[in-house]
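Scroll down for the structure; my scribbles are underneath it.
Computation of the quantities below employed the complete heavy-atom set of this structure, encompassing side-chain atoms and omitting hydrogens, waters and symmetry-equivalent molecules. In the text below, chain A, chain B and the rest are named by the order of the sequence lines, each starting its count at 1.
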2 protein chains.
Amino acid sequence: MERAVTSSASRLTRRQQAILGAFEGADAPMTAREAWEAARDEIPTIGLATVYRAVKTLTGEGSLRQIEIVDETPRYEPATRPHHHHFFCRACGRLFEIRKCPPSLRDMVPDGFAMEDHSIVLYGSCEECLATA
Amino acid sequence: MERAVTSSASRLTRRQQAILGAFEGADAPMTAREAWEAARDEIPTIGLATVYRAVKTLTGEGSLRQIEIVDETPRYEPATRPHHHHFFCRACGRLFEIRKCPPSLRDMVPDGFAMEDHSIVLYGSCEECLATA
DNA sequence: CTCATTGCAAAACGTTTGCACAAAA
DNA sequence: TTTTGTGCAAACGTTTTGCAATGAG
C-alpha cells in the first residue's frame, strides 16, 4: 500500500515541473500565459508553446484541473487541492474558492447516466466590491 | 401592470430576430456559428459578424444565456427557458438539460458576497453512450 | 545513436473591429 | 439628414502545430 500521493504524475521534465510548480505556488487558478510568466523566473528561456503543451499533458494526466468562467480564458489549478468550487466576482474579476459542496448533486444525475465530475460556479459581487460600490 | 413578457428584448431587427429565433428553435444550446448556419436558411446573405454582434447584444440584454463547457466553444440558449442546468456527455459531446437544482446553493455564498447567477455542469457519460461502450 | 522535448515561427481557431455602404428614423 | 445596422475583410488573442535543434538515456 505504498502508492505515490502525487497522483499519476509520471516523470516530469524540469520545465514541466516548473510549470506545475507555478500553478501550485499561486493562490488562485491561473491562465496558461500567467503560468508562463511565473515559470520564466525559474527558466527564462521557456517558450509559451511548452507551457501550453505541458498544461494539456498535466490536465489529461489529472494533475491540473481546468476551470471555465464565462468570457474568461481558461484557468488551471492543481488537482491536489481538496474538492471545492468557485465564486467569480464580475466587478473585480477575482475568483474565490468555496469549500462547500451541495450534498444533493447525485440526485441531479439522470437515470442511467454516470457522472464523473461536476463544476459549480457562482457569479456575483464579492464583499470588497460591494463595499466600494 | 401591462409589462412585456418577453424580457427586456428591445426592438430587434429582422436579422436579430432570425438569430434569436434560431436559438429558440434549437432543442439544445448552440454555438454562434451554428446559429449562423441556421439563420442563413431564412436570410442567406447574413454575415457571421452580424451573428456575433447579435449574440453579444442579446446576451447583454438578458435574452440569451451563455453556457461554458470545458474545451468547447461557448453555446447559448434562450433565457426564457425555465431555470435548469446541464449534463455534458464526454463520449458523444451532447449537452443534456437537467431540471433539478440543489436547494442548498444559497448556503455556499460566502458572507457578505452577493450571488447573481450560478452555473452547474455535470460531466460524464450519457445512458446511450454507456450502453454502446 | 535514438527518441522525446523544446523554441520558434507560422498556422489555425473563434471572435472583434474598421470601414464603406445600406436601412431605418 | 442623422443614426443604426450590416457585410466584408483585416486584426486580434489564444491555442496548436511543423520543424529543426537540443537534451536525455
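Tracing side-chain contacts under 4.5 Å through hydrophobic residues (I, L, V, M, F, W, Y), one never reaches B/Tyr123 starting from A/Ile69; they form parts of separate clusters.
Residues B/Glu127 and A/Pro110 are not in side-chain contact: their nearest non-hydrogen atoms beyond the backbone lie 4.5 Å or more apart. The shortest distance between side-chain heavy atoms of B/Val51 and B/Glu37 does not fall below 4.5 Å.
Using cut-offs of 30° and 60° for the angle between ring planes, the B/Phe23 and B/Tyr76 rings count as perpendicular.
For B/Leu48, taking side-chain heavy atoms from C-beta onward, the closest of the listed nucleotides C/dT6, C/dC8, C/dT15 is C/dT15. In the set C/dG7, C/dT15, C/dT16, C/dT16 carries the atom at the smallest distance from any side-chain atom of B/Lys56.
Nearest-nucleotide assignment on DNA chain D puts the 5′-proximal partner with B/Gln16, out of B/Gln16 and A/Tyr52.
Distance alone, capped at 3.5 Å, is enough to place a donor-acceptor pair between the B/Arg65 side chain and the B/Ala79 backbone.
Protein chain B contacts DNA chain D from D/dG5 to D/dC8, reading 5' to 3' and using non-hydrogen atoms of the protein with a distance under 4.0 Å.
The CZ atom of A/Arg40 sits 13 Å away from the C1' atom of C/dG7 (whole-angstrom rounding). The separation between B/Leu12 atom CG and C/dA25 atom P is 13 Å, rounded to whole Å. Atoms CZ (B/Arg11) and C1' (C/dA25) sit 10 Å apart, rounded to a whole Å. Protein atom CZ of B/Arg53 is 10 Å distant from nucleotide atom C1' of C/dG18, rounded to whole Å.
As judged by a 4.0 angstrom heavy-atom cut-off over every strand, A/Thr31 is placed among residues making no nucleic acid contact.
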**Report entry** B/Ile120 vs B/Leu105, side chain to side chain contact (heavy atoms under 4.5 Å, CB included): CA-CA, chis, key distance, verdict
**Finding:** CA-CA 10 Å; B/Ile120 302 181; B/Leu105 268 188; 4.1 Å; yes
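A sub-4.0 Å separation between OP1 or OP2 of C/dT6 and a side-chain N or O of A/Thr13 is present.
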